[in-house]
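Let me begin by presenting the structure, written as structure tokens, before commenting on it.
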Amino acid sequence: MKHAFRTDVDAIRQRARQKMHDGAVTGAYLADRDKVIAVLNEVLATELVCVLRYKNHYFMASGINAEPVAQEFLQHANEEQVHADQVAQRITQLGGVPNFNPEGLATRSHAEYKEGDTLVSMIEEDLVAERIAIETYSEIVRWLGNDDPTTRVLMESLLKVEEEHADDLVNLLGSFPR
Ligand SMILES: [Fe+2]
Ligand SMILES: [Fe+2]
């Protein structure tokens with residue numbers, strides 16, 4: 001049987017006062033904060049590279065008159081931007097600095113920036129990038145475990161959307177003759 005929930009509230013009240021300026025980070029934070037911040041900065045770079053790649057695909061696809069596909073690229077670009085902002089906010093909650101430096105962005109990112117000269121090659125590059133993010137984000141979720149549940153929940157929510165993106169893209173690919 002699971003043991004009853006018990007905790008030393010007096011000690012918790014004392015600790016809450018002592019390190020007040022750590023904000024959201026308390027003694028219950030069991031992860032390695034610097035490592036989590038470093039990993040989140042890689043996720044931030046991944047999301048930013050994905051925004052840029054989807055934006056390139058959106059404008060290039062608009063040029064070749066493929067409005068429904070272009071709209072899908074635009075929607076994904078906007079969702080990746082939301083992810084980037086959520087990750088940056090979590091980094092600051094943990095006391096870190098979100099790295100928006102364009103220098104080294106592509107190296108920090110898990111996914112790659114690839115253009116593509118046809119609609120199909122654009123969709124394929126986006127699908128590959130989503131599949132990379134799905135793998136690395138899944139690993140991050142498992143790595144965080146119960147040591148930083150808030151970051152884990154954030155990464156799970158990103159992972160869910162990347163899986164939807166991959167599914168959208170594979171369905172789009174299926175609509176093209178091969
Ligand atoms: Fe994303
Ligand atoms: Fe995505």
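Whatever order the structure lists them in is the order used to number ligands and atoms, beginning at 1. What you see below is based on every heavy atom in this structure, not just the backbone, and it leaves out hydrogens, waters and symmetry mates.
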Residue [X] atom name (nearest to the Fe ion (ligand 2); N/O/S):
X      : result
Glu80  : OE2
His165 : ND1
Glu162 : OE1

Exercise. For the Fe ion (ligand 1), what is the closest N, O or S atom on Glu47?
Worked result: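 Going through the N, O and S atoms of Glu47 one by one, OE1 ends up nearest to the Fe ion (ligand 1).
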Exercise. Tell me, which N, O or S atom in His83 is closest to the Fe ion (ligand 1)?
Worked result: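 It is ND1, the N, O or S atom of His83 closest to the Fe ion (ligand 1).
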For this session: Take Gln71 and Leu74 through the side-chain contact (heavy atoms from CB on, under 4.5 Å) test and state the conclusion after the steps.
Result: CA-CA 5 Å; Gln71 282 310 315; Leu74 180 60; 3.9 Å; yes
Exercise. Do the charged groups of Lys160 and Glu156 touch, with an N to O distance under 4.0 Å?
Worked result: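 Salt bridge flag = no for Glu156 with Lys160.
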For this session: Could you walk me through whether Asp22 and Arg33 pass side-chain contact (heavy atoms from CB on, under 4.5 Å), step by step?
Result: CA-CA 12 Å; Asp22 280 351; Arg33 205 199 318 189; 4.0 Å; yes
Exercise. Within the stated cut-off of 2.8 Å, is an N/O/S atom of Glu130 closer than that to the Fe ion (ligand 2)?
Worked result: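 Yes - counting backbone and side chain alike, Glu130 has an N, O or S atom under 2.8 Å.
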Problem set entry | Heavy-atom pair with the smallest gap, counting every atom of Ala45 and Arg108 |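 Nearest heavy atoms, Ala45 then Arg108: CB-CB, 3.6 Å.
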Exercise. Do you know the tightest heavy-atom contact between Val51 and Gln81?
Worked result: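 Reported closest heavy-atom pair: CG2-N, 3.5 Å.
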